[in-house]
Amino acid sequence: MKDVLVIGGGVAGIQAALDLAEKGVKVHLVERTPSIGGRMAQLDKTFPTMDCSICILAPKMADCADHPNIIMHTCSEVAGLQGEAGDFRATVLKHARHVDASKCTGCGKCAEVCRLKGRIPNEFDFGLRKRGAIYLPFLQAVPRVMNIDSKKCIFLTKGKCGEKQLCKEACERGAIDFDQKDETVTLDVGAVIVATGFDLFDPSGMFEYGYGRFQNVRTAMEYERLICASGPTGGHLEVEPTKEHPGSMAFIQCVGARDLRLSPFCCSVCCMYATKEAVLVKEHYPDTDCTIFNVDMRALGKGFEEFVERARDEYGVRFLRARPGQVTEDPATKRLTVWYEDPASGKVTSMEADMVVLATALVPGAGVAQLAKALGIELDESAFFKVRDPLMSPVESTRPGVFIAGYCETPKDIPESVAQASGAAARAFEVLKRKGGAAHA
Amino acid sequence: MPEEKAQGAGREAQGKEEGARDKGVGKDGGENPVPLSASPLEPSSLAPCALRPAPCRIGVFICHCGSNIGGIVDVPAVVEYASRLKDVVHAERNLYTCADDGLTAIKTAISKHGLNRVLVASCTPRTHAPLFRRTCEAAGLNQYLFEFVNLREHCSWVHMREPARATEKAKALVKMGVARARLLERQEEPVLDIEPAAMVLGGGVAGLSAALSIANQGFPVHLVEREPELGGMAARLHRISPTYRNAREVVGPVAEAVSAHPDIRLHMPATMTDLSGYIGNFEVTLSTGEKFRVGSIVVATGADELRPDGLYGWGQLKNVVTQMELERLMAAGPFTRPKSVVMIQCAGSRGQKVSYCSKRCCFTAIKNAILLKEESPDTEVHILHNEIHVYGVAFEKEYRRAQELGVRFSRYSPEKPSVSEQNGRLNVNFYDEGLRRERDLPADLVVLSTPLVARPEAEELSKMLKVPLGQDRFFFEAHVKLRPVDFATDGIFICGTAKGPTNIGECVEQALGAASRAAIPLAKGRVRVEAITSRVNTDTCRGCGRCESECDYHAISLVPVNDAFGNRLVARVNEGLCKGCGKCSSICCNRSISLRHFTTPQIMAMVEAALEEG
């Protein structure tokens, strides 16, 4: 049987890879970043059960790493796909990590001595924590192998790093390899599964909400890191400049989404994660006032309506049907004011908040057009990967043998991504069986 | 069944390990299944290690986990402490026990020091136990002779600010682990053969898609549908959102492909009347009298539309219909276009008859409103709602298109609207939240957007399958986030509206997902089950049946025996179903049930070690 290529190491890619590997199929899991885990690894808890996100994901990540049928290609990208269903040749560009994965144990001694330690914004925490040029993306990273940021590393950019390379000296196992080069490999595969997830809309351009100008305006994903016990503040919410926990918080929904100027679509998950985020505030600080400004409160999954009711009735979260027009800041105290139309009176009114959390749109990844071209598949008008028929062929891309799963197909939550990923794995296995001649034609 | 019973009885009589060996069950890769710790440790599984002829030789490996443990706990001190514990013949520390060099150290020590127990004190078994167990097996030590102590989540991470006391706790945890390790016994994991075929219950879009995929993956499928024809609820629709294709065009091709597939056997009309067995070996009986065996089962039995009895005059007033009834009117061909149509959302849902949002009613109403508007632009269509729950790209776009076509959306709240008849015409009264006043809308047709509800038969089916229903009476999956199409019971899967309301595209995604999962055991051919299962001492079992009624997995049944103690009932554990939760062993009135690998003596030894001074 041929191998299968899975692109994207988030929860969807992981699920697709595990399903196939369990059936005895060899899977190449290609991930652009240095670790698998994707967006789910960055979340604090998941709605509506309030499971710790990384705690339920980490075992699956470990399963991937340990599975004899899964070969992980991190720091890698797919550059081309030739051939046809059942007989593809994929070109994979593997970026040099400059660390020998077979020797590194991820002990972190190198990171301790890096001359740039604490100077480079860490991607995983959206810059809320700083790292060095050599780093582990996050505590539970898989594979647990250090990574050198070749664009920042002094030795790699300048050819010299002080008297000697401190990281190389600190590594007891001789794992650091500055001579490592990018390489291109060709993989023979029978089918391809694309599960590249989403990017976050940057609200800096939306002047009205003051993100980037006001310190206490955060995006929802930044908030996830801040409220997370293993995050940059150890799970303590701190308001600038007092460093005290917020007395009142406002969550603004549909920032950049359901907005004809930006993304017209609904991201399908923000109503629920905002509710979860407000409940988390209440669990940490029961006295903090929480208001969720929403357009529609779209609680449309199993147990979701009940979750919203609990947030309102048990935790005292306030839901206000309004789309705020502006957030302003008192320059002296850094306190924020949210301006909105009161739904009951129709009058413009305001509320004060110590922190504002923006539910920014989850948008197709920056590299989708390039990837679509490399794979020879089509995008829809919103730049999600197009499926052949959203009703009966919801995992088939426009090219036979290439399947789509997760948010990159259309906005959806974790369980739907997981189900669809398994679905894509089923279809990929069908292709292998067809070509292998094991089943009927 | 007789085969399984005989086998089970045999194992009970002999003790499981021997039974397993008699069956010739080897390990993967065929290595010698009885290595170092061999026979001296075998016989009476309940006797503590101290009474056994061969001494325990325990190796302890303490992990720094970088600075995660080593930064807080004084690891060298814990190693030194461990090396002085009774039966510990080797103790060492590793920067990362899970890294290659750590694993090599374990293997080396097993052979060098003749270890017959290995204890690793590091992180969580959830992520790392399989790795260490495999390492022990590779070095010839039965994996059940491995003990795991969590010094990270249970100690260093939670006591970061008290390193001295954390070190003391780490010592205590290691001591408890050593106490249990002494009493560990080797176990063999039973390997079950899988019947390489599946059964799909339900012939709607979900069931059809699942059946077709499993068959195309190379496995025979029995498709059981209670109605005389395939297609389910979707086939009764008019056009389907968001592609507006005719329902028959959508469902027809897959139904035909299923009917024509050589590996799919249709049982129609038929229902399942009896089910026994477990993953790999389910025995099915149908209402038609047919019997067959399958390795896995997909549940795709669908849902019903709520009958809105007593709501908004449905059934009493003429021209009050549900969306489904409107679909059938439209599908039947041209009907006299009403001048004014009012649709009422959440009719029966979100607090009325059911508490949940049915997810599909908003886009269904929008689709039908668009169809009415396109065919008869002069028809006024008004959708009264309490939030429009469309989502994603396509449905949101349709929502905007409806507005552009002149469909009016008004938010009613907080009370639901009321419908009455005035001068032969319908009138809908509601409080318009946008305009902040009460309004009356005359209507020729009132359409109720009613939710999907669980089928009443789901109750009986859940009992037969031994899988749970949720509060909303829909089937309840194993984990709402990460196991959306699995049941907690191995070998049974769920998809489509039987799990909860959703749209057709998602039904198909779930169906393919279930098809992927259901085919995994079939592709493997054999499944290894954990040896951590319950064992009944039939000599002392009183047959009270408490374990049977308490077992969440329906793994225990009372069976008649006739032995030296007379004609009586005793508990019997079905190892294919047992999950090793230990509930039965803890509630048994006279300790006749013990859990392999978590026996009472093992647990008590840990408790005693914890309470002991020093």
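Order of the sequence lines sets the chain letters (A, B, ...), proteins ahead of strands, with each chain counted from 1. The model shown is predicted, which means the values in this text are computed figures rather than measured ones.
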Find the distance between [atom1] ([X]) and [atom2] ([Y]) and round it off to the nearest 0.5 Å.
| X | Y | atom1 | atom2 | value |
| --- | --- | --- | --- | --- |
| A/Asp51 | A/Thr46 | CG | OG1 | 4.5 Å |
| B/Lys397 | B/Glu404 | NZ | CD | 10.0 Å |
| B/Thr497 | B/Lys359 | OG1 | NZ | 12.0 Å |

Proximal component of [X], with respect to chain B [non-hydrogen, under 4.5 Å]:
| X | result |
| --- | --- |
| A/Lys103 | neither |
| A/Val269 | neither |
| A/Lys302 | side chain |
| A/Thr105 | both |
| A/Ser102 | backbone |
| A/Asp63 | neither |
| A/Met40 | side chain |
| A/Ser263 | neither |
| A/Leu20 | neither |
| A/Ala344 | backbone |
| A/Ala62 | side chain |
| A/Cys107 | both |

Please look at [X] and chain A and tell me whether the side chain, the backbone, both or neither of the residue comes under 4.5 angstrom of a heavy atom of that chain.
| X | answer |
| --- | --- |
| B/Asp486 | neither |
| B/Asn503 | neither |
| B/Lys481 | both |
| B/Val485 | side chain |
| B/Ile388 | both |

In terms of heavy-atom pairs under 4.5 Å, which option from [options] contacts chain A the most?
| options | value |
| --- | --- |
| B/Arg411, B/Glu433, B/Arg134, B/Glu153 | B/Arg411 |
| B/His385, B/His128, B/Arg360, B/His479 | B/His479 |
| B/Ile214, B/Val250, B/Val254 | B/Val250 |
| B/Thr502, B/Leu208, B/Ile520 | B/Ile520 |
| B/Ser209, B/Cys362, B/Ser213 | B/Ser213 |

Cysteines A/Cys55 and A/Cys52 with SG distance under 2.5 Å: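 Disulfide present: SG-SG distance under 2.5 Å.
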
According to the interplanar angle, ranging from 0 to 90°, do the rings of B/Phe395 and B/Phe363 count as parallel (below 30°), tilted (30 to 60°) or perpendicular (above 60°)?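 If you compare the ring of B/Phe395 with that of B/Phe363, the planes turn out parallel.
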
Thinking salt bridges, do [X] and [Y] make one under a 4.0 Å N-O criterion?
| X | Y | value |
| --- | --- | --- |
| B/Glu477 | B/Arg483 | no |
| A/Asp389 | B/Arg245 | yes |
| A/Lys347 | A/Glu341 | no |
| A/Glu112 | A/Lys109 | no |

Between [options], the one whose heavy-atom pairs under 4.5 Å with chain B are most numerous:
| options | answer |
| --- | --- |
| A/Ala428, A/Ala419, A/Ala425 | A/Ala419 |
| A/Ala405, A/Pro59, A/Ser422 | A/Ser422 |
| A/Val295, A/Val395, A/Ile56, A/Thr410 | A/Ile56 |
| A/Arg427, A/Met61, A/Gln15 | A/Arg427 |
| A/Ala16, A/Ala421, A/Cys271, A/Gly106 | A/Gly106 |
| A/Gly303, A/Pro264, A/Cys266 | A/Cys266 |

Before giving the answer on ring pair (Phe, Tyr, Trp, His ring centres under 6.0 Å), spell out for B/Phe474 and B/Tyr356 the whole-Å C-alpha distance, their side-chain angles and the decisive distance to 0.1 Å. CA-CA 11 Å; B/Phe474 287 104; B/Tyr356 53 86; 5.6 Å; yes

Is it true that B/Arg436 and B/Tyr431 share a donor-acceptor pair across their side chains at a distance under 3.5 Å?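 No pair is found: no donor N or O on one side chain lies under 3.5 Å from an acceptor on the other.
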
Taking salt bridge (Lys or Arg N to Asp or Glu O under 4.0 Å) as the cut-off, I'd like each qualifying pair that reaches into residues 387-396 of chain B, sequence neighbours left out, listed once.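 Qualifying pairs: A/Arg258-B/Glu396, A/Arg298-B/Glu396, A/Arg321-B/Glu387, B/Arg350-B/Glu387.
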
Output, in order, the C-alpha distance, side-chain angles, deciding distance and verdict of side-chain hydrogen bond (donor to acceptor under 3.5 Å, both in side chains) for B/Ser516 and A/Asp19. CA-CA 7 Å; B/Ser516 175; A/Asp19 268 25; 2.6 Å; yes

Between A/Glu22 and A/His67, is a side-chain hydrogen bond (donor to acceptor under 3.5 Å, both in side chains) present by the stated rule, with each step listed? CA-CA 9 Å; A/Glu22 282 291 285; A/His67 207 293; 2.9 Å; yes

Taking the six-membered ring of B/Tyr391 as reference, does the cationic atom of A/Lys412 (NZ for Lys, CZ for Arg) lie under 6.0 Å from its centre and within 45° of its axis?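 Verdict for B/Tyr391: no cation-pi partner in A/Lys412.
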
Test of ring centre spacing under 6.0 Å for A/Phe265 and A/Phe384: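 Under 6.0 Å, so yes.
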
